[in-house]
Amino acid sequence: LTLTAVPSNGYVFTGWSGALSGDSASQTLTMNSNHTVGANFREMLVPEIVTEPGSATITSGGTTTLSVSASNGSSYQWYMGQSGDTTELLKDATESELAVSPASTTAYWLRIGSIDGVTVDTATATVTVDYTLTSSAGSGGSITRSPNLTQYSAATVVTLTAVPSSGYVFTGWSGALSGDSLSQPLTMNGNQTVGANFAIVERPEI
């Protein structure tokens, strides 16, 4: 006689009792006397997310740690992109915490699995990357920038203007800018360094 344990939806079979033992769903029983057999089940474990990963803003080159807490979680896998999109799996990212240092703004999410193979997906966490602008003027002038911020979000356009001191003339830009136009726009697509060069005005001598 073959007996098969059939768990209802949302339950898992945990093992036999009575004349059978073990946790194989199908078992064979030889009827050489009266027998009593029991099949045991429990509710399937489903991961429950307690804390979702939080979005963060970092300066380019910096690091932030994304973390998740969940009950009934036994396996973890991080991905890049929007929640549910498994295209960009992160290798070796199989813990509830993930330290990231993206070069540009990037989205992340985590798939959590239980010992029963049930998975849930977290919400998407976005790590926004801001950039720094270092400007240095040579002797004989200064640089103004608009907007004048400590750090800039990606694609922000900053206008830099060279301001020569009295008796000096602007001779040109260096670093991320070139040319000798007093005002120049600069798109912040990374950390940038800009220099402005000046020279003493030569006056004719009689």
Side-chain angles (χ1 to χ4, degrees), residues 2-16 20-27 39-134 147 149-158 176 185-193:
T2 299
L3 295 96
T4 301
V6 183
S8 301
N9 189 36
Y11 285 78
V12 292
F13 172 62
T14 59
W16 299 99
L20 293 178
S21 60
D23 57 8
S24 177
S26 289
Q27 292 259 24
N40 304 301
F41 304 89
R42 64 166 171 77
E43 284 191 69
M44 187 175 288
L45 293 177
V46 178
E48 294 184 10
I49 298 171
V50 178
T51 305
E52 295 275 5
S55 295
T57 299
I58 63 171
T59 301
S60 180
T63 300
T64 189
T65 299
L66 305 174
S67 62
V68 175
S69 62
S71 60
N72 298 329
S74 64
S75 65
Y76 303 89
Q77 179 59 63
W78 287 92
Y79 297 84
M80 287 197 302
Q82 298 301 310
S83 182
D85 181 359
T86 58
T87 305
E88 296 186 79
L89 179 147
L90 294 174
K91 293 181 179 179
D92 301 322
T94 55
E95 302 292 338
S96 60
E97 292 189 347
L98 178 68
V100 294
S101 182
S104 59
T105 297
T106 305
Y108 301 89
W109 64 279
L110 174 65
R111 176 162 289 175
I112 305 170
S114 73
I115 59 173
D116 295 326
V118 182
T119 62
V120 295
D121 298 342
T122 69
T124 302
T126 301
V127 178
T128 302
V129 179
D130 287 346
Y131 302 111
T132 59
L133 173 59
T134 302
L149 303 174
T150 303
Q151 53 190 32
Y152 298 87
S153 57
T156 299
V157 177
V158 185
L186 177 63
T187 300
M188 295 300 295
N189 51 16
N191 294 333
Q192 306 278 17
T193 300

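- Considering only residues two or more places apart in sequence or on other chains, Trp78 meets the ring pair (Phe, Tyr, Trp, His ring centres under 6.0 Å) condition with none of them.
- The side chain to side chain donor-acceptor pair (under 3.5 Å) search around Thr150 returns none, not counting sequence neighbours.
- Remark: the Thr128 side chain and the Thr105 side chain contain no N/O donor-acceptor pair separated by less than 3.5 Å.
- The side chain to side chain contact (heavy atoms under 4.5 Å, CB included) test applied to Ser96 returns Tyr76, not counting sequence neighbours.
- Applying the salt bridge (Lys or Arg N to Asp or Glu O under 4.0 Å) test to Asp85 and every residue at least two apart in sequence or in another chain returns nothing.
- The ring-ring contact (aromatic ring centres under 6.0 Å, His included) contacts involving residues 89-124 comprise Tyr79-Trp109, where partners must be two or more places apart or lie in separate chains.
- In this structure a side-chain-to-backbone donor-acceptor pair under 3.5 Å is missing from Ser114 to Asn72.
- Looking at every heavy atom in both residues, Ala5 comes nearest to Pro7 through O-CD, 3.6 Å.
- Residues Gly62 and Ser101 approach most closely at O-OG, 2.7 Å, considering heavy atoms.
- A pairwise comparison of heavy atoms in Thr124 and Ser83 identifies OG1-N, 2.8 Å as the closest pair.
- With hydrogens and angles left out, the side-chain atoms of Thr132 and Asn191 include a donor and acceptor closer than 3.5 Å.
- Legend: salt bridge (charged side-chain N to carboxylate O under 4.0 Å, His left out) pairs involving residues 98-126, not counting sequence neighbours, sorted by first then second residue: Arg42-Asp116, Arg111-Asp121.
- Considering every non-hydrogen atom in both Ala107 and Gln82, the closest pair reads CB-NE2, 3.7 Å.
- By the 4.5 Å heavy-atom criterion applied to side chains, Val68 and Pro53 are counted as neighbours.
- Under the 4.5 Å side-chain criterion, counting only non-hydrogen atoms from C-beta, Thr14 is not in contact with Asp23.
- Here the CD-CD distance, from Gln77 to Glu95, works out to 10.5 Å after rounding to the nearest 0.5 Å.
- Between Glu43 and Tyr11, some side-chain heavy-atom pair lies under the 4.5 Å cut-off.
- The distance from the CE atom of Met44 to the CG atom of Asn9 is 7.5 Å, given to the nearest 0.5 Å.
- Applying the ring-ring contact (aromatic ring centres under 6.0 Å, His included) test to every pair with at least one member in residues 41-65, sequence neighbours left out, gives these pairs: Phe13-Phe41.
- Atom CG of residue Leu66 and atom OG1 of residue Thr126 lie 9.5 Å apart, to the nearest 0.5 angstrom.
- Looking at residues two or more places apart in sequence or on another chain, you find no side chain to side chain donor-acceptor pair (under 3.5 Å) involving Thr94.
- Taking the side chain to side chain contact (heavy atoms under 4.5 Å, CB included) definition, one finds that Val120 meets it with Val46, Pro47, Ile49, Ile112, sequence neighbours left out.
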Given side-chain contact (heavy atoms from CB on, under 4.5 Å), test Leu3 with Leu20 step by step and report yes or no.
CA-CA 9 Å; Leu3 295 96; Leu20 293 178; 4.1 Å; yes

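- The list of side chain to side chain donor-acceptor pair (under 3.5 Å) pairs with a residue in residues 46-62, not counting sequence neighbours, reads Thr51-Ser69, Thr59-Gln151.
- In terms of heavy atoms, Pro102 sits closest to Val127 at CG-CG1, 3.8 Å.
- One finds the OG1 atom of Thr156 at 7.5 Å from the CG atom of Leu149 (value rounded to the nearest 0.5 Å).
- Scored by the side chain to side chain donor-acceptor pair (under 3.5 Å) test, Gln27 finds no partners at all (sequence neighbours excluded).
- Annotation for Ala39 and Trp16: closest pair CB-CZ3, 3.9 Å, computed over non-hydrogen atoms.
- Glu97 meets the side chain to side chain contact (heavy atoms under 4.5 Å, CB included) test with Thr65, Ser67; sequence neighbours excluded.
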